[in-house]
Amino acid sequence: MDDRVELGVELLANLEHAELSLAEAVDRIETVTSDPAVTREILETAERRGVIDREGDTVVPTTGDYVSFEGGDVVSREGEFTCQRCGAGITTGYFIEFDAGEHGPFGSSCIRKVTGRED
């Protein structure tokens with residue numbers, strides 16, 4: 001299976017949202033891939049595995065697993081990076097450590113948006 005699918009499923013499994021719109025879920029997935037076929041496969045795989053429930057245009061994460069900012073799930077590195085979500089140039093990159101691989105870099109506000117810490 002495509003590594004992007006595993007990474008996307010893990011991202012959905014770790015969102016701190018009670019629910020979000022399908023568009024918001026796709027916004028998060030687009031940090032992994034912009035390929036519509038892979039996006040669809042991520043959503044279908046996550047639903048099949050019970051990671052999310054889809055109710056029309058609403059996505060409900062079911063695992064209750066969240067990314068720990070203090071527990072080592074997120075690491076920061078200094079350097080010249082481009083934020084995976086917004087495309088901004090950043091000097092501190094935040095990376096999420098998933099079993100399927102590392103995801104990032106993100107800026108300080110985008111890492112919170114991607115994980116669902118803030119809207």
Side-chain angles (χ1 to χ4, degrees):
M1 184 176 287
D2 190 323
D3 289 345
R4 296 174 297 173
V5 172
E6 290 302 322
L7 200 55
V9 170
E10 276 198 74
L11 179 61
L12 290 174
N14 286 277
L15 292 179
E16 288 191 42
H17 291 283
E19 65 179 42
L20 61 165
S21 71
L22 183 58
E24 290 169 321
V26 169
D27 177 65
R28 302 322 187 261
I29 293 169
E30 285 177 341
T31 65
V32 175
T33 182
S34 58
D35 182 331
V38 176
T39 297
R40 187 172 36 259
E41 187 176 352
I42 289 168
L43 287 165
E44 289 170 357
T45 302
E47 188 172 19
R48 192 171 50 252
R49 291 184 187 171
V51 168
I52 61 169
D53 286 330
R54 285 176 66 185
E55 301 164 3
D57 286 342
T58 302
V59 174
V60 180
T62 61
T63 64
D65 294 335
Y66 303 128
V67 171
S68 170
F69 282 72
E70 295 79 34
D73 292 342
V74 175
V75 295
S76 65
R77 293 193 196 100
E78 299 301 317
E80 296 296 320
F81 302 105
T82 301
C83 178
Q84 192 81 18
R85 181 174 179 272
C86 72
I90 51 177
T91 56
T92 301
Y94 295 90
F95 299 81
I96 306 168
E97 300 287 334
F98 288 126
D99 290 340
E102 187 173 82
H103 187 43
F106 299 102
S108 59
S109 61
C110 284
I111 187 77
R112 290 189 298 278
K113 288 178 181 167
V114 167
T115 59
R117 286 278 164 99
E118 65 182 46
D119 294 326

Can you tell me how far apart [atom1] ([X]) and [atom2] ([Y]) are? Round to the nearest 0.5 Å.
{"X": "His103", "Y": "Asp73", "atom1": "NE2", "atom2": "CG", "value": "13.5 Å"}
{"X": "Ile52", "Y": "Glu47", "atom1": "CD1", "atom2": "CD", "value": "5.5 Å"}
{"X": "Glu97", "Y": "Ser68", "atom1": "CD", "atom2": "OG", "value": "12.5 Å"}
{"X": "Ile111", "Y": "Ser76", "atom1": "CD1", "atom2": "OG", "value": "10.0 Å"}
{"X": "Arg117", "Y": "Ser109", "atom1": "CZ", "atom2": "OG", "value": "14.5 Å"}

Under a 4.5 Å side-chain heavy-atom rule over Ile, Leu, Val, Met, Phe, Trp and Tyr, are Ile90 and Phe106 clustered together?
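No; tracing contacts between hydrophobic side chains, which count when under 4.5 Å, never links both residues.
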Report yes or no: do Val75 and Tyr66 belong to one cluster of Ile/Leu/Val/Met/Phe/Trp/Tyr joined by side chain heavy-atom distances under 4.5 Å?
no
Compile the donor-acceptor pairs under 3.5 Å between side chains in residues 56-65 and protein atoms, sequence neighbours left out, one pair per line.
| unit_1 | atom_1 | unit_2 | atom_2 | d |
| --- | --- | --- | --- | --- |
| Thr62 | OG1 | Gly50 | O | 2.3 |
| Thr62 | OG1 | Val51 | O | 2.9 |
| Thr63 | OG1 | Ala13 | O | 2.4 |
| Thr63 | OG1 | Asp65 | N | 3.3 |

Test side-chain contact (heavy atoms from CB on, under 4.5 Å) on Asn14 and Phe98 and set out the steps.
CA-CA 10 Å; Asn14 286 277; Phe98 288 126; 3.4 Å; yes
List the steps and the verdict of salt bridge (charged side-chain N to carboxylate O under 4.0 Å, His left out) for Glu102 and Arg77.
CA-CA 13 Å; Glu102 187 173 82; Arg77 293 193 196 100; 2.6 Å; yes
For the residue pair Thr45 / Arg48, report whether a side-chain donor-acceptor contact shorter than 3.5 Å exists.
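The criterion, which ignores hydrogens and geometry beyond distance, is satisfied for Thr45 and Arg48.
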Which is it for Arg49 and Glu10 under the salt bridge (charged side-chain N to carboxylate O under 4.0 Å, His left out) test, yes or no, and what are the steps along the way?
CA-CA 11 Å; Arg49 291 184 187 171; Glu10 276 198 74; over 6 Å; no
Under 4.0 Å between a Lys/Arg side-chain N and an Asp/Glu carboxylate O for Arg28 and Glu16?
no
Those residues at least two apart in sequence (or on a different chain) that pass side chain to side chain contact (heavy atoms under 4.5 Å, CB included) with Asp27 are Arg85
Between Ile42 and Leu12, is a side-chain contact (heavy atoms from CB on, under 4.5 Å) present by the stated rule, with each step listed?
CA-CA 9 Å; Ile42 289 168; Leu12 290 174; 3.9 Å; yes
Minimum heavy-atom separation for [X] and [Y], please, with both atom names.
{"X": "Tyr94", "Y": "Gly107", "value": "CD1-C, 3.9 Å"}
{"X": "Leu15", "Y": "Val114", "value": "CD2-O, 3.1 Å"}
{"X": "Arg4", "Y": "Val32", "value": "O-CG1, 3.3 Å"}

With side-chain contact (heavy atoms from CB on, under 4.5 Å) as the test, would you mind laying out the steps for Ile29 and Leu11 before giving the verdict?
CA-CA 8 Å; Ile29 293 169; Leu11 179 61; 5.6 Å; no
Given Leu43 and Val26, is the side-chain contact (heavy atoms from CB on, under 4.5 Å) satisfied, shown in steps?
CA-CA 9 Å; Leu43 287 165; Val26 169; 4.3 Å; yes
Under the rule for ring-ring contact (aromatic ring centres under 6.0 Å, His included), what residues qualify as partners of Phe95, not counting sequence neighbours?
Phe81
